[in-house]
Structures are given as C-alpha cells and as structure tokens.
Number of protein chains: 2
Amino acid sequence: VLELEGVSKVYGHGEAAVAALDGIDLELARGELLVIMGPSGSGKTTLLQVAGALSSPTSGTVRVDGDRIDRMSRREVARLRAERIGFVFQAFNLLSNLSAESNVRLPTMLLPRRRRPDDRRPRELLEELGVGNRARHRPGQLSGGQQQRVALARALVNDPALILADEPTGNLDSRSGEQVLELLERMARARGKSVLIVTHDERIAGQADRVLWLQDGRLGRPGGPGGA
Amino acid sequence: VLELEGVSKVYGHGEAAVAALDGIDLELARGELLVIMGPSGSGKTTLLQVAGALSSPTSGTVRVDGDRIDRMSRREVARLRAERIGFVFQAFNLLSNLSAESNVRLPTMLLPRRRRPDDRRPRELLEELGVGNRARHRPGQLSGGQQQRVALARALVNDPALILADEPTGNLDSRSGEQVLELLERMARARGKSVLIVTHDERIAGQADRVLWLQDGRLGRPGGPGGA
Ligand SMILES: Nc1ncnc2c1ncn2[C@@H]1O[C@H](COP(=O)(O)OP(=O)(O)OP(=O)(O)O)[C@@H](O)[C@H]1O
Ligand SMILES: Nc1ncnc2c1ncn2[C@@H]1O[C@H](COP(=O)(O)OP(=O)(O)OP(=O)(O)O)[C@@H](O)[C@H]1O
Ligand SMILES: [Mg+2]
Ligand SMILES: [Mg+2]
C-alpha cells in the first residue's frame, strides 16, 4: 500500500542544510500497523509528510498502491489525499471558526456525492473517541486532548486505506490513549487499513505488528541510540 | 507564592455550561515542584490559565506572593506576567515569523532595561535544552519537540519566580523529556522557584515533591478515577 525507496529530504542549502531524512526504505502492507519511534528532531514528521504526499522528497520515490506520487498530476495527488490517505497532524491543524463536527465533516465534501459517508459518520466517530459531547464546540473551546481526538476523527471520516498519525496520543492520558490505540488497531486488523504511527509513546509500540527506530533521518531496528 | 482559594471556572451558560474547575484550593511554596495529573478534559489547562492570570475565575481568589490578582490594575497584571510568571503553553504559542532565539528574547523587552537578562541568555537557554543549533530557525522549520523546548526557554528567560508548565514533555522522547524535567527540578531545588507542572506523563510524577489528581475540575490525591 505504501512504499518508500531511497527517500531523502534535505532542508536548506550549503552550511545551513539539514538532512531530515537520509535514504529511507520502507514498505507497509494492507492490514499492517507499523510504529516508528525516535528522538525529537529525528525526522518522524518529515517522514510522514513525504509518505502522505504533503511534501516532496529531495530524492527517492514514494508509491501508494503501486503508483508513483511524483508522476501524478496535482489533481491526482489532491484526490489521493482526499480519498486514500487520512492524516493526523502533530499540531492538529483544525479550523478555529468551525465546530468540531464541521471540522470532521469537511473532508467528506471533497468526495463525489455518491461516495460520501453517511451524514451521521462525523458524529459517530467523535462519540467513539469520547468527544461526542463536544461536537458543537469550536477548537478554541476544547482541551488539547479533545482537539487531538477531533483531528483523528477527521482523518478517519473518508474511510481511507492509509492512515498516517503523527503523535496521536501526545496530549492524552493513559485511558484516552488506549481508546485511540484500540481504534487504530481495529482499523488495521478488522478493516484492513494500513496504519503508520510515529510516536514517542512506548506503550503504543507494544501493540504494533512492527516497530522501527528513526535516528538522524535513518531507519533501523529498535535498540536505542546507536542501536540495533 | 501561589494560592488558589475556592476557585471555580464555568464556560458557557444554561444547558451548555461546562464547569471546567470546581472549588479548587491550592498552595504552592517557594522551591516546591508540584505536579498535577488528570484525564484529558479534566481542567488542567484551565487551572494553569487561572493561576497565571491569563483567565479570570468565575468565583474564588488567586494570590501571587500574597497579592490578589482580581484587585490589580491591568497594568499590574501585565507586569506580574512579564516579571514574575513564566508560562509554557500546551500549544507553544510561538510567533511564526520570528526565529527561535528572537521568540525567546521577546519577553525580555517587557522588562525595564536595567533588569533585563544578559544578551546571551536566550542562546544559553536554548543550548541547555538541546536546541541551540536551531536558534536561527523559525518555528515552522522546527520539529514539534524542538518548538516545545523553545517555548520552555521563552518561559524561563526573565527568571520568573513562578513557572507554570502545560504538558512540557508531551512532544518529547524520554531523553529530551528527562533533560526538561532536570532543568525544571533545578529551578525549584537550586534556584528556589515555584514550579507547577500539569501533565499526563507519569514519569514526571516520580520527581515531584507533591502530586495531585484533577478529575472533572476537582482536586484530590492520586488514586485514579474516583480515587483516594
Ligand atoms: N472556551 C471554552 N468554552 C467551553 N468549554 C471549554 C472552553 N475551554 C475549555 N473548555 C472545556 O473545559 C474542560 C477543561 O478543559 P482543559 O483545557 O482545562 O482540560 P485539560 O485537562 O487541559 O485537557 P487536556 O489534557 O486534553 O489538555 C474541557 O472539557 C473543555 O472542553
Ligand atoms: N522547513 C524546515 N527547514 C529546516 N529544517 C527543518 C524544517 N522542517 C524540519 N526541519 C528540521 O528537520 C529535522 C526533523 O524534523 P521533524 O519535524 O521531522 O522531527 P520529528 O522527529 O517529528 O521531531 P519531534 O519528535 O520533535 O516532533 C529537525 O531537526 C528540524 O529542525
Ligand atoms: Mg514531529
Ligand atoms: Mg490541556
């Protein structure tokens, strides 16, 4: 479902250049839950942005369902992101002037009418994540963890095949964090989604099919810094 | 240094009313590190905003160094926040068009010239937090955890007597999280600051002088939901 080959990402040039990703090879199958962990600044967010077609790699290729992203037209990339990828941002990126429910409903407007989910779907997802009673609040009226769960609901509403989640439990207590993880697990096991989570939360690692370690833009086996 | 008495905070009215805080009594002494934990939505951020004079309670009183905040003029409150309180926001609240170093330096401009810290202080704090090599980057060019550490540096730059930190390690791996905690501990033990941390991170609780549990806007002893 997702394939990265020789992916590198360099920010800036000359002396100020930062190699955020350095030769990444990665494959993610249907129904698989992959967790990538690593220190702050190791490239986790960058990896997810490249995987989700939000950012172009400096070199290497990204394929979703076998199609190379760099060979797609702008319009095809937009459709890919609207229909096949669900993205949970580290900073949530909710629209502050819309209610939680409207924020979750927004991506459904990008689908052709016949393919839109049921009108109750946004509400159902919010309830499943324990924030159903905040559906009419705007993000500024929500706690950090409530906003995080609204962002997850929004990522799931179009029933995407590929779910990319950046620190989905960073603002949650153990119990809410478990609920989020159970939902993501169900997406992989029961619904056949491919789920890629980047996180610092070691508890999440315990539930994954596979755990990889990212350090200084390079991918390896867990074992801590310098490790495998 | 900080005293809350009978503090309540209600958002909205009538049916939509949310009691974010409900009768909070709290005292924090010099050199003390207090950690408050609780589920998402329990009122941690609200508690910190009221303690830091960013938000007025619906009832009850807040005192800093014995002075009632509600009896201060706008100007006195502004001085209090600039000179005596350092606040780390859950969402960082950095200015996107300024470099990390400029973001950290900004609060120093609010002090009378003779009381401003050394011109190198912003850089030193960033280095102490492991982000010295990102001093010239803007927030948009920083990882989540790097932004979080810049926000902490900014809260500390005016050497405030009271430090209020909202989830200061939420975006950090264990190692960076430990560094942050060590720094906050030193502020309390070695420098006599009063430090109030709200968090989900149980590792932090281990280092505190005192740990309290917040649930549905009420404060108690840890013991989990319904606990103690
Ligand atoms: N402006 C507002 N209007 C209405 N309700 C609000 C507003 N701000 C916060 N709330 C509600 O008050 C409650 C407490 O919010 P608060 O942000 O203090 O929680 P928190 O403990 O910090 O949560 P988290 O751990 O998720 O950050 C939440 O249920 C939230 O929805
Ligand atoms: N636009 C940019 N320009 C320059 N450097 C950047 C830019 N964006 C990110 N970086 C750098 O690239 C590196 C990787 O950033 P990234 O956000 O992917 O890290 P991360 O693993 O997600 O960190 P965290 O766990 O703190 O969120 C960091 O050192 C960061 O400073
Ligand atoms: Mg990140
Ligand atoms: Mg909060």
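Every chain is numbered from 1, with letters handed out A, B, ... down the list of sequences. Since the structure is predicted, the reported quantities are computational estimates derived from the model, not experimental observations.
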Are side-chain heavy atoms of A:Glu202 and B:Ser174 found at a separation under 4.5 Å?
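They are in side-chain contact.
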
Within the structure provided, determine whether A:Arg149 and B:Ser40 are in side-chain contact (heavy-atom separation under 4.5 Å).
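In short, these two side chains touch, coming nearer than 4.5 Å.
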
With distance as the sole criterion, is a donor-acceptor pair present between the side chains of A:Glu167 and B:Asn171 under 3.5 Å?
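Side chains of A:Glu167 and B:Asn171: no pair found under 3.5 Å.
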
Interface residues of residues 41-59 of chain A facing chain B - non-hydrogen atoms under 4.5 Å apart
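Near chain B, by residue number: A:Gly41.
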
Using 0.5 Å steps for rounding, measure from the OG1 atom of A:Thr199 to the CG atom of B:Asp173.
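The CG atom of B:Asp173 is 10.5 Å from OG1 of A:Thr199, to the nearest 0.5 Å.
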
For the CD atom of A:Gln147 and the CD atom of B:Gln90, what is their distance to the nearest 0.5 Å?
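Atom-to-atom, A:Gln147:CD and B:Gln90:CD are 7.5 Å apart.
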
Considering only heavy atoms, which portion of B:Ser143 lies under 4.5 Å from any heavy atom of chain A: side chain, backbone, both, or neither?
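Side chain only.
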
Other residues, nucleotides, ligands: >12 heavy atoms within 6.0 Å of A:Arg84 CZ
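Atom CZ in A:Arg84 is crowded, with more than 12 foreign heavy atoms closer than 6.0 Å.
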
Non-hydrogen contacts under 4.5 angstrom with chain A: give the residues of residues 122-137 of chain B involved, or none if there are none.
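Under the 4.5 Å heavy-atom cut-off, B:Arg134, B:His137 qualify.
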
